[in-house]
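Here's the structure, in structure tokens; my notes come after.
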Amino acid sequence: MNYWLMKSEPDVFSLQDLARVGQEPWDGIRNYQARNFMRDEMKPGDLALFYHSNTKPPGVAGVARIASTAYPDATQFDPASPYFDLKSKREAPRWILVDVAFVAEFPHYLPLEEMKEDPALEDLLILRKGNRLSITPVEAKDFQRVCRLGGLKKLPK
């Protein structure tokens, strides 16, 4: 099993939105490295830390599960979508997505600053200067530590 951190702006799509709908396509990714993670490494059953970005304070709100294999992101073909890509063709799509499903909300929202203060999380990519990727891999030990700091008594499997 792989572990991930996936960023979303809560005013666009929050963990609470995911809890309400249960499962949702993770669309709109327009970074090649993040796309490659979804296409080449994410597998159904993998777990992801659901990170609220571009908010005060940014931080991890809970856990989601990867619920599908990668498939083409339909928003790239929709001229009305903010994620439309004129150069992407249906026969050779540039952008893909995976579906994510709600697993758990943290009892304690875990702010970025609190994670930065924990020496056990020094390898977590979100804490490195200049890291702006919306999807990053997470080591199992860091995933478990973040879940514990977020107040989960039982870690998701």
Side-chain angles (χ1 to χ4, degrees), residues 1-106 109-113 115 121 123-140 142-143 146-147 150 152 155-157:
M1 174 185 302
N2 292 319
Y3 299 94
W4 306 95
L5 184 140
M6 299 175 82
K7 292 181 183 178
S8 183
E9 295 179 8
D11 61 330
V12 175
F13 191 77
S14 69
L15 180 70
Q16 293 75 20
D17 293 327
L18 183 59
R20 184 176 35 76
V21 299
Q23 184 171 309
E24 186 78 5
W26 198 265
D27 62 8
I29 300 300
R30 296 300 183 264
N31 172 281
Y32 287 105
Q33 189 173 4
R35 178 209 60 190
N36 294 349
F37 285 142
M38 289 191 295
R39 183 190 67 201
D40 302 336
E41 297 182 43
M42 280 187 175
K43 305 288 182 255
D46 286 357
L47 294 172
L49 299 169
F50 197 112
Y51 185 89
H52 283 172
S53 64
N54 201 21
T55 189
K56 301 262 186 210
V60 180
V63 178
R65 184 177 315 279
I66 306 308
S68 75
T69 56
Y71 61 96
D73 181 343
T75 63
Q76 68 193 307
F77 308 120
D78 180 0
S81 171
Y83 303 116
F84 176 66
D85 183 343
L86 183 63
K87 294 180 181 178
S88 190
K89 305 297 178 214
R90 289 194 186 274
E91 60 278 2
R94 263 186 202 198
W95 306 111
I96 55 93
L97 58 76
V98 295
D99 292 341
V100 295
F102 178 79
V103 172
E105 183 171 358
F106 283 174
Y109 178 81
L110 187 59
L112 176 63
E113 285 305 315
M115 289 188 287
L121 295 175
D123 295 328
L124 196 61
L125 293 176
I126 188 76
L127 304 181
R128 292 190 183 159
K129 266 196 183 317
N131 181 0
R132 299 191 39 83
L133 280 177
S134 58
I135 297 173
T136 54
V138 174
E139 295 292 325
D142 294 330
F143 179 86
V146 169
C147 286
L152 288 184
L155 295 179
K157 293 184 180 186

- [ ] For A64 and V103, work out which heavy atoms get closest and say how close.
- [x] C-CG2, 3.7 Å
Open item on the list: Could you tell me if the side chain of I66 sits less than 4.5 Å from the side chain of K43, heavy atoms only?
Closed with: no
Open item on the list: Are the side chains of V98 and P44 in contact, using a 4.5 Å heavy-atom criterion?
Closed with: no
Task: Within residues 42-70 or reaching into it, pairs that qualify as ring-ring contact (aromatic ring centres under 6.0 Å, His included) - sequence neighbours excluded - done: W26-F50, F50-H52
- [ ] Answer yes or no: is there a side-chain heavy-atom contact under 4.5 Å between L97 and Q76?
- [x] no
Task: Contacts of type ring pair (Phe, Tyr, Trp, His ring centres under 6.0 Å), residue F37, not counting sequence neighbours - done: W4
- [ ] Mark yes or no for whether Y109, through its side chain, and P57, through its backbone, hold a donor-acceptor pair below 3.5 Å.
- [x] yes
Open item on the list: For M1 versus G45, what's the shortest heavy-atom pair and its separation?
Closed with: CE-O, 3.6 Å
- [ ] Using a 4.5 Å cut-off on heavy atoms from C-beta on, say whether the side chain of L49 contacts that of L110.
- [x] no
Task: Any pair counted as ring-ring contact (aromatic ring centres under 6.0 Å, His included), so long as it reaches residues 60-102, sequence neighbours left out - done: Y32-W95
Open item on the list: The criterion is side-chain hydrogen bond (donor to acceptor under 3.5 Å, both in side chains); which residues satisfy it with R30, sequence neighbours excluded?
Closed with: D73, T75
Open item on the list: Measuring only between side-chain heavy atoms, which start at C-beta, is L125 closer than 4.5 Å to V138?
Closed with: no
Open item on the list: Nearest 0.5 angstrom please: L124 CG to T136 OG1, how far?
Closed with: 6.5 Å
- [ ] Using a 4.5 Å cut-off on heavy atoms from C-beta on, say whether the side chain of K7 contacts that of I126.
- [x] yes
Open item on the list: Looking at every heavy atom in both Y3 and A140, which two are closest together, and how far apart are they?
Closed with: CE1-CB, 3.6 Å
Task: Gap between atom OG of S68 and atom CG of D99 - 0.5 Å precision - done: 3.5 Å
Task: Heavy-atom pair of closest approach, residues L133 and A34 - done: CD2-N, 4.3 Å
Side-chain donor-acceptor distances from residues 14-23 under 3.5 Å, at least two apart:
{"unit_1": "S14", "atom_1": "OG", "unit_2": "Q16", "atom_2": "N", "d": "3.3"}
{"unit_1": "S14", "atom_1": "OG", "unit_2": "Q16", "atom_2": "OE1", "d": "3.3"}
{"unit_1": "S14", "atom_1": "OG", "unit_2": "D17", "atom_2": "N", "d": "3.1"}
{"unit_1": "S14", "atom_1": "OG", "unit_2": "D17", "atom_2": "OD2", "d": "3.2"}
{"unit_1": "Q16", "atom_1": "NE2", "unit_2": "E105", "atom_2": "OE2", "d": "2.9"}
{"unit_1": "D17", "atom_1": "OD1", "unit_2": "R20", "atom_2": "NH2", "d": "3.0"}
{"unit_1": "D17", "atom_1": "OD2", "unit_2": "S14", "atom_2": "N", "d": "2.8"}

Open item on the list: With rounding to the nearest 0.5 angstrom, report the OG1 to CD1 distance, T69 to I96.
Closed with: 9.5 Å
TODO: Look up atom CD in Q33 and atom CD1 in I135, then write down how far apart they are to the nearest 0.5 Å.
DONE: 10.5 Å
- [ ] Please examine the side chains of E139 and D123, heavy atoms only from C-beta on, and report whether any two atoms are closer than 4.5 Å.
- [x] no
Task: Residues forming a side-chain hydrogen bond (donor to acceptor under 3.5 Å, both in side chains) with N2, sequence neighbours excluded - done: none
